[in-house]
Amino acid sequence: TRDHGAQLGLYGSTTFRNGDITLDGFFDYNFKPREVVTDLQVDKRIVDGFYLVLEGRYNGFMQGKEWGLGAGLEWKF
């Protein structure tokens, strides 16, 4: 939160198919102002350490542009 206020955050992560697929995300609730920021990400292992990533996000602070989607590559080392 900016300057003052409080925030409640939840985070979770789990894997499927022996770690080939990862699902993780977070949910942040800001009490002042009353806004939500949340994210859900799915990772698919391409080869050891490299993942294709798809992400959806909601940001209540971005008036008129609250929803977003993204795709990319991730390297875990």
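The basis for the numbers below is simple: all heavy atoms, side chains too, and nothing from hydrogens, waters or symmetry mates.
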### Task
Sequence neighbours left out, what passes ring-ring contact (aromatic ring centres under 6.0 Å, His included) with Phe26? Give chain and number order.
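Checked Phe26 against ring-ring contact (aromatic ring centres under 6.0 Å, His included); zero matches.
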### Heavy-atom pair with the smallest gap, counting every atom of Gly9 and Asp28
CA-OD1, 3.4 Å
### Task
Indicate the atoms forming the closest heavy-atom contact of Thr22 with Thr15, along with that distance.
OG1-CG2, 3.7 Å
### Query
Which value, rounded to the nearest 0.5 Å, describes the distance between Trp67 atom CH2 and Arg57 atom CZ?
12.0 Å
#### Entry: Linked, directly or transitively: Tyr51 and Trp75 (ILVMFWY side chains, under 4.5 Å)
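No, Tyr51 and Trp75 fall in different hydrophobic clusters.
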### Task
Check the hydrophobic clustering (I, L, V, M, F, W, Y; side-chain heavy atoms under 4.5 Å; chains of links allowed) and say if Val47 and Leu54 are grouped together.
no
Partners of [X] by side chain to side chain contact (heavy atoms under 4.5 Å, CB included), sequence neighbours excluded?
X     : value
Val42 : Ile21, Leu23
Phe61 : Asn30, Pro33, Glu35, Val37, Asn59
Leu69 : none

### Query
With sequence neighbours excluded, what pairs up with Asp20 under the salt bridge (charged side-chain N to carboxylate O under 4.0 Å, His left out) test?
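Result, salt bridge (charged side-chain N to carboxylate O under 4.0 Å, His left out) vs Asp20: Arg45.
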### Task
Report the residues that fulfil salt bridge (charged side-chain N to carboxylate O under 4.0 Å, His left out) with Lys76, sequence neighbours left out, ordered by chain and then residue number.
Asp43, Glu74
### Task
Determine whether Gln41 and Val53 make a side-chain contact, defined as any pair of heavy atoms from C-beta on separated by less than 4.5 Å.
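They are in contact (side-chain heavy atoms under 4.5 Å apart), so the answer is yes.
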### Task
Measure the shortest side-chain to side-chain distance between Lys65 and Gln63 over non-hydrogen atoms and say whether it is less than 4.5 angstrom.
no
### Task
Could you tell me if the ring centre of Phe27 sits under 6.0 Å from that of Tyr29?
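No, the ring of Phe27 stays outside the 6.0 Å limit from the ring of Tyr29, centre to centre.
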